[in-house]
Amino acid sequence: MSNRLWNWFSAVDTDRSGAITAPELERALINGDWTPFDLDTVKLLMSIFDTDRSGTIGFNEFAGLWKYIKDWQNVFRHFDRDRSGSIDGQELSEALGQFGYRLSPQLLDLVQKKYASAHAAGAPPTRMPGAPGAGGPGISFDRFVRACVVVKQLSEAFGRLDTDRDGWIQINYDQFMQTVLSLP
């Protein structure tokens, strides 16, 4: 596997710098319907796996990213119960619930609308059945990963501020902005 992974890394590293940039990664990552990953998702992945903060991903960082994406593909397949290639509201609720996040129906609706795939807006998807993110109304694979990671990060940020663990915080504007803007 590592030889195949090195070959893929080398193919993605189109400028032969020995490291992958966000644009190179964006060109390499595709959903099951052959659409490229959303640039914001690519940037989020870069922020997670660029452990040396170089702005690029070396091979070892890329190996971690590869495993992360493969693990998320399995999660996506598990929760895409109807095998539509996208995550609908019920499937999203189940996924977030199993991850320990109990969002109100209003918040679930907001997350679903925020991360809905471009296909949900009416563009017909090119379909590769059974592939993660293969389209249809709902949330594509790349946006599902981003939605789950963002919910996790926001929940963790809230938890750091909720010192008495009662589900309530009192913060000023600067604290709020600092909390939100410090997230990738």
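Count residues from 1 along the sequence.
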**OP:** For the residue pair Asn31 and Phe37, establish whether any side-chain heavy-atom pair is separated by less than 4.5 Å.
**Re:** yes
Original post:
Does a side chain donor of either Gln90 or Glu94 reach within less than 3.5 Å of an acceptor in the other side chain?
Top reply: yes
Subject >> Side chains of Leu5 and Phe59 in contact at under 4.5 Å (non-hydrogen atoms) >> reply: yes
Original post:
So do the side chains of Thr179 and Arg160 get within less than 4.5 Å of each other, counting heavy atoms only?
Top reply: no
**OP:** For the residue pair Leu29 and Leu45, establish whether any side-chain heavy-atom pair is separated by less than 4.5 Å.
**Re:** yes
**OP:** Mind telling me whether Phe99 and Phe144 have parallel, tilted or perpendicular rings, with 30° and 60° as the class edges?
**Re:** tilted
Original post:
Does some side-chain heavy atom of Val149 sit less than 4.5 Å from a side-chain heavy atom of Trp72?
Top reply: yes
**OP:** Provide the closest heavy-atom pair for Arg81 versus Glu91 in the form atom of the first, atom of the second, distance.
**Re:** N-OE2, 3.0 Å
Original post:
Okay, side chain of Glu61, backbone of Asp52: is any donor-acceptor separation there less than 3.5 Å?
Top reply: yes
Original post:
Near Phe176 CZ, under 6.0 Å, is it more than 12 heavy atoms from other residues, nucleotides or ligands?
Top reply: no
Subject >> Over all atoms of both residues, closest heavy-atom pair of Phe9 and Gly18 >> reply: CZ-O, 3.5 Å
Original post:
When you measure from the side chain of Ser117 to the backbone N and O of Ser140, does any donor-acceptor pair fall under 3.5 Å?
Top reply: yes
Original post:
Asp38: what forms a side-chain contact (heavy atoms from CB on, under 4.5 Å) with it, not counting sequence neighbours?
Top reply: Asp40, Thr41, Asp142, Arg143, Arg146
**OP:** Mind checking the CG-CD1 spacing from Asp162 to Ile171? Nearest 0.5 Å is all I need.
**Re:** 11.0 Å
Original post:
Any idea which heavy atoms bring Met46 and Ile20 closest together, and the distance?
Top reply: CE-O, 3.7 Å
**OP:** Would you indicate whether the side-chain heavy atoms of Asp13 and Phe62 approach each other to under 4.5 Å?
**Re:** no
**OP:** Compare all side-chain heavy atoms of Val75 with those of Asp71 and state whether any distance is below 4.5 angstrom.
**Re:** no
Subject >> Atom pair SG/CD of Cys148 and Gln153 - distance to nearest 0.5 Å >> reply: 11.5 Å
Original post:
Near Glu156 CD, under 6.0 Å, is it more than 12 heavy atoms from other residues, nucleotides or ligands?
Top reply: yes
Original post:
In Å and rounded to the nearest 0.5 Å, what is the CZ to CG distance from Phe49 to Leu44?
Top reply: 9.5 Å
**OP:** State, to 0.1 Å, how close Glu26 and Pro36 come at their nearest heavy-atom pair, and which atoms those are.
**Re:** O-CB, 4.1 Å
Subject >> Least distance between heavy atoms, Ser84 atom then Asp80 atom >> reply: N-OD1, 3.2 Å
**OP:** Find the distance between OG1 (Thr163) and CG (Asp166) and round it off to the nearest 0.5 Å.
**Re:** 8.0 Å
Original post:
Hey, any chance Leu103 and Trp168 share a hydrophobic cluster, counting ILVMFWY side chains that come within less than 4.5 Å of each other, even indirectly?
Top reply: no
**OP:** Give a yes or no on whether the backbone of Val151 and the side-chain of Ser155 come within a donor-acceptor separation of less than 3.5 Å.
**Re:** yes
Original post:
If you measure from CD on Gln175 to CD1 on Ile169, what distance do you get to the nearest 0.5 Å?
Top reply: 8.5 Å
Side-chain donor-acceptor distances from residues 105-116 under 3.5 Å, at least two apart:
| residue | atom | partner | partner atom | Å |
| --- | --- | --- | --- | --- |
| Gln106 | OE1 | Ser104 | OG | 3.3 |
| Asp109 | OD2 | Lys113 | NZ | 3.0 |

Original post:
Distance-only, no hydrogens or angles: does the Thr21 side chain make a donor-acceptor pair with backbone N or O of Thr56 under 3.5 Å?
Top reply: no
Original post:
Donor-acceptor pair, Asp88 side chain versus Gly138 backbone, under 3.5 Å?
Top reply: no
